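Following: one structure in C-alpha cells, then a few remarks.
Order of the sequence lines sets the chain letters (A, B, ...), proteins ahead of strands, with each chain counted from 1. Since the model is a prediction, treat every value here as computed from it, not as a measurement.
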2 protein chains.
Amino acid sequence: MPPFDMGRPLRMGAVGVHPCGACPVRSLTVCSALEEEELSRLADIVQLQRLDSHQTIFSEGDAASSLFNVTAGTVKLYKLLPDGRRQITGFLFSGDFLGLSVHDRYAYSAETVVTTSICRFPRRQMDTLLEEFPKLQRRLFSMASTELAAAQDQMLLLGRKTAREKIASFLLGLSRRAARRGQRDNPVQVPMSRSDIADFLGLTTETVSRTFTQLKANGVIRLLEGSKVQILDEGVLTDIAEGG
Amino acid sequence: MPPFDMGRPLRMGAVGVHPCGACPVRSLTVCSALEEEELSRLADIVQLQRLDSHQTIFSEGDAASSLFNVTAGTVKLYKLLPDGRRQITGFLFSGDFLGLSVHDRYAYSAETVVTTSICRFPRRQMDTLLEEFPKLQRRLFSMASTELAAAQDQMLLLGRKTAREKIASFLLGLSRRAARRGQRDNPVQVPMSRSDIADFLGLTTETVSRTFTQLKANGVIRLLEGSKVQILDEGVLTDIAEGG
DNA sequence: GGACGCCGTTGATCCAGGTCAAGGCGCCCG
DNA sequence: CGGGCGCCTTGACCTGGATCAACGGCGTCC
C-alpha cells in the first residue's frame with residue numbers, strides 16, 4: 001500500500017480555504033466564469049482526484065453521474081465498435097472538461113493517458129449550481145460550442161485528409177493547444193502512444209510511424225527524447241496540413 | 001421577376017397573431033422550451049425565409065450574425081479544403097437548428113439541399129432573449145450536447161467503418177431521424193445526391209453507388225421512385241452498420 | 001541478470017476503395 | 001421533339017494505406 005492513497009477522492013469543501021482560488025488552470029476552465037463567492041460554492045461540491053496512467057474514468061453507457069475538469073495530465077475519449085475497432089474522439093488536457101451526456105448516459109469512454117488530476121462535480125449538485133449561476137451555464141455552453149467546432153474539424157480530417165495531412169494537422173493542433181495553455185509549443189509534448197494517435201486519426205500504428213519517419217526525412221520535424229516533437233518548419237507543416 | 005419574392009424575409013412580429021404558436025415543428029425545436037408569452041417575444045425577432053434548393057444560407061468565415069431553425073426541407077453543413085475537397089459535417093431537417101459559432105464567425109458553410117423554410121434569429125436579439133429566458137439557454141445547450149454526441153458517432157463512422165457499414169449507418173440514421181420527426185421512416189426519403197452522401201461519409205460517388213447496388217443485391221434494401229429507400233430487413237441493416 | 005512483453009520501426013505484400021472512363025436515363029430548354 | 005447536361009451506374013485499373021511479419025530497444029519482474 002502506498003503511503004498516500006491518491007486515488008481516494010478528496011473533498012475540498014472541508015478545508016478552510018478552498019483550493020479553486022489558487023487553481024493554476026482556472027482561467028482555462030469552466031470555473032473562469034465565476035467570482036470568488038460563486039467559486040467557493042463550486043469548491044463545496046468538487047472532489048479532486050489523481051489517477052495513474054491508463055485508468056478508466058468512466059465507460060460508454062455508464063450512468064452520467066458527474067462532470068469533470070482536467071487540471072493536469074492527459075485524457076482520451078473513445079468509442080468502440082463491437083469487434084473492438086476504436087475511434088478516439090478527442091484528447092483532453094488541463095483546462096478541458098468532460099462528461100456531457102444525453103439521456104443521462106455517457107456516450108463514450110474516458111481514460112487517462114498519463115498521470116492525471118481531475119476535478120469531479122456530481123451532476124445533481126452541478127445542475128443546481130447551473131440554475132443558480134447562469135454565467136456558469138453560458139460558459140459551459142460556450143465550451144461545448146468550441147468542442148463542436150473542433151469535432152467538425154476532426155470530421156474533415158477523418159473523411160478527407162491523407163495520412164500525411166492528418167499527422168501534420170495533429171502535430172499543429174497539439175502545439176497550438178499547448179500554447180493556449182501557456183505551455184511549451186515547440187518542441188511539443190506528444191504524451192500518447194502511436195496506437196492512440198492511430199485511433200484518433202483513423203490510421204494504423206504502422207502508418208503513423210511511417211509518416212513520422214517521412215516528415216522527419218523531409219526535414220519538417222525532429223523526434224526528440226521524452227516523446228517530444230520539434231517542429232522545424234511550421235509554415236511547411238501548415239501547408240501540408242491544409243493539403244498544400 | 002417572380003410574382004412573389006419568396007426569398008424576401010418576412011417579419012412575423014408585424015402580424016396580429018404570431019405564427020410560432022401554430023408552428024408544426026415547434027415541439028422539435030429550440031422553441032419547445034417556451035411558454036406562450038415567451039414565444040411571442042421570440043416571434044418578435046424572427047424572420048421566416050423560404051429558399052430554393054442549392055441556395056447558400058451562409059459561408060464559412062462569414063460574420064455569425066444569426067441563428068437559424070429549419071422548419072421544412074433539408075440543409076447540409078460542410079467544410080472545404082483549399083483544393084476543393086469537401087466534408088459534409090451534417091444534414092439538418094425540420095426542427096434542427098444551426099448557426100452556433102465561436103469567435104463570431106461561422107466555422108462551416110450551410111446550403112439548402114431541397115426547397116427549405118428557415119426561421120432566422122438575429123444573434124444580438126437572440127442573446128438578449130437567452131439572458132432573459134434561461135430555459136431557452138438550457139434548451140440550446142441540450143441541443144448542442146446532442147449534436148456533439150452525433151458528431152462523435154460520425155467520427156467513429158469516418159475513422160473506423162467500411163463503406164458498407166457507413167452506408168448502412170447512414171440509412172438507419174436517416175430513418176430514425178425521420179421517425180423522431182413523426183415522418184415516414186420506411187421507406188425513407190433520401191433527398192440528397194450521391195455526391196452529398198459521399199462527402200458526408202468520406203467516400204466517392206462511385207463507391208456510394210456501388211454499395212447501394214450491393215445492398216440491393218443482398219436483399220437488404222430496395223431503391224424506390226422519388227429518392228426513397230425501402231429497408232427490407234432492419235435487423236440485418238443494423239448488424240451491418242455495427243460491423244456484424 | 002536474463003527473459004519476457006510492449007512499443008516503435010521497417011519491410012513485403014495485399015486489397016478496399018479511389019480514379020479514370022464510358023454509357024444510360026431523365027429533365028429542362030429551345 | 002430533339003439536343004444537351006447533370007446525375008447515376010457500371011466497368012477496368014490503380015494505389016494509399018492496411019495487413020502480416022520481423023526485429024531492436026527498453027522497462028519490469030522473477
- prompt: Distance-only, no hydrogens or angles: does the A/Ser193 side chain make a donor-acceptor pair with backbone N or O of A/Asp196 under 3.5 Å?
  reply: yes

field: Nearest-Å distance for atom pair CE/C1', residues A/Met192 and C/dC6
entry: 19 Å

Distance under 6.0 Å and angle within 45° of ring axis: A/Arg180 vs A/Phe93: no

field: Atom-to-atom span, CG of B/Leu215 to P of D/dT10 - whole angstrom
entry: 13 Å

B/Gln214 CD - C/dG17 C1' separation (whole Å): 12 Å

task: Please identify each residue that fulfils salt bridge (charged side-chain N to carboxylate O under 4.0 Å, His left out) with B/Arg181, with sequence neighbours left out.
output: none

query: How many Å lie between NZ on A/Lys216 and P on C/dT9, as a whole number?
result: 7 Å

query: Between the side chain of B/Lys166 and the main-chain N/O of B/Leu201, is any donor-acceptor distance below 3.5 Å?
result: yes

- prompt: Taking the side chain as C-beta and beyond, is there a heavy-atom pair between B/Gln49 and B/Cys119 under 4.5 Å?
  reply: no

message: Within the 4.0 Å limit for protein heavy atoms, which parts of nucleotides 22-28 of chain C are touched? Write it as a string from 5' to 3', B for base, S for sugar-phosphate only, - for none.
response: -------

- prompt: Is NZ or CZ of A/Arg86 both nearer than 6.0 Å to the six-membered ring centre of A/Tyr78 and within 45° of the ring axis?
  reply: yes

message: Rounded to whole Å, how long is the line connecting atom NZ of B/Lys166 with atom P of C/dA16?
response: 14 Å

query: For C/dT10, does OP1 or OP2 lie under 4.0 Å from any side-chain N or O of A/Thr213?
result: yes

task: Would you sort out whether B/Ser169 and B/Lys161 count as a side chain to side chain donor-acceptor pair (under 3.5 Å), showing the intermediate values?
output: CA-CA 9 Å; B/Ser169 305; B/Lys161 289 188 181 180; 2.9 Å; yes

- prompt: Can you tell me if B/Thr71 uses its side chain to pair, donor with acceptor, with the backbone of B/Ser117 under 3.5 Å?
  reply: yes

Table of protein N/O atoms under 3.5 Å from nucleotides 17-21 of chain D N/O atoms:
unit_1 : atom_1 : unit_2   : atom_2 : d
D/dG17 : OP1    : A/Ala163 : N      : 2.9
D/dA18 : OP2    : A/Thr204 : N      : 3.4
D/dA18 : OP2    : A/Thr204 : OG1    : 3.0
D/dA18 : OP2    : A/Thr207 : OG1    : 2.4
D/dT19 : O4     : A/Arg210 : NH2    : 2.7
D/dC20 : N4     : A/Glu206 : OE2    : 3.1

task: To the nearest Å, give me how far apart CG (A/Leu223) and P (C/dC7) are.
output: 18 Å

message: Could you tell me how far apart A/Ile167 (CD1) and D/dG16 (C1') are, to the nearest whole angstrom?
response: 14 Å

- prompt: Is B/Ser209 touching bases, backbone alone, or none of the nucleic acid, heavy atoms closer than 4.0 Å?
  reply: base

query: Should the pair B/Tyr106 and B/Phe68 be assigned to parallel (<30°), tilted (30 to 60°) or perpendicular (>60°) ring geometry?
result: tilted

field: Distance, rounded to the nearest Å, where A/Leu224 contributes CG and C/dG8 contributes P
entry: 16 Å

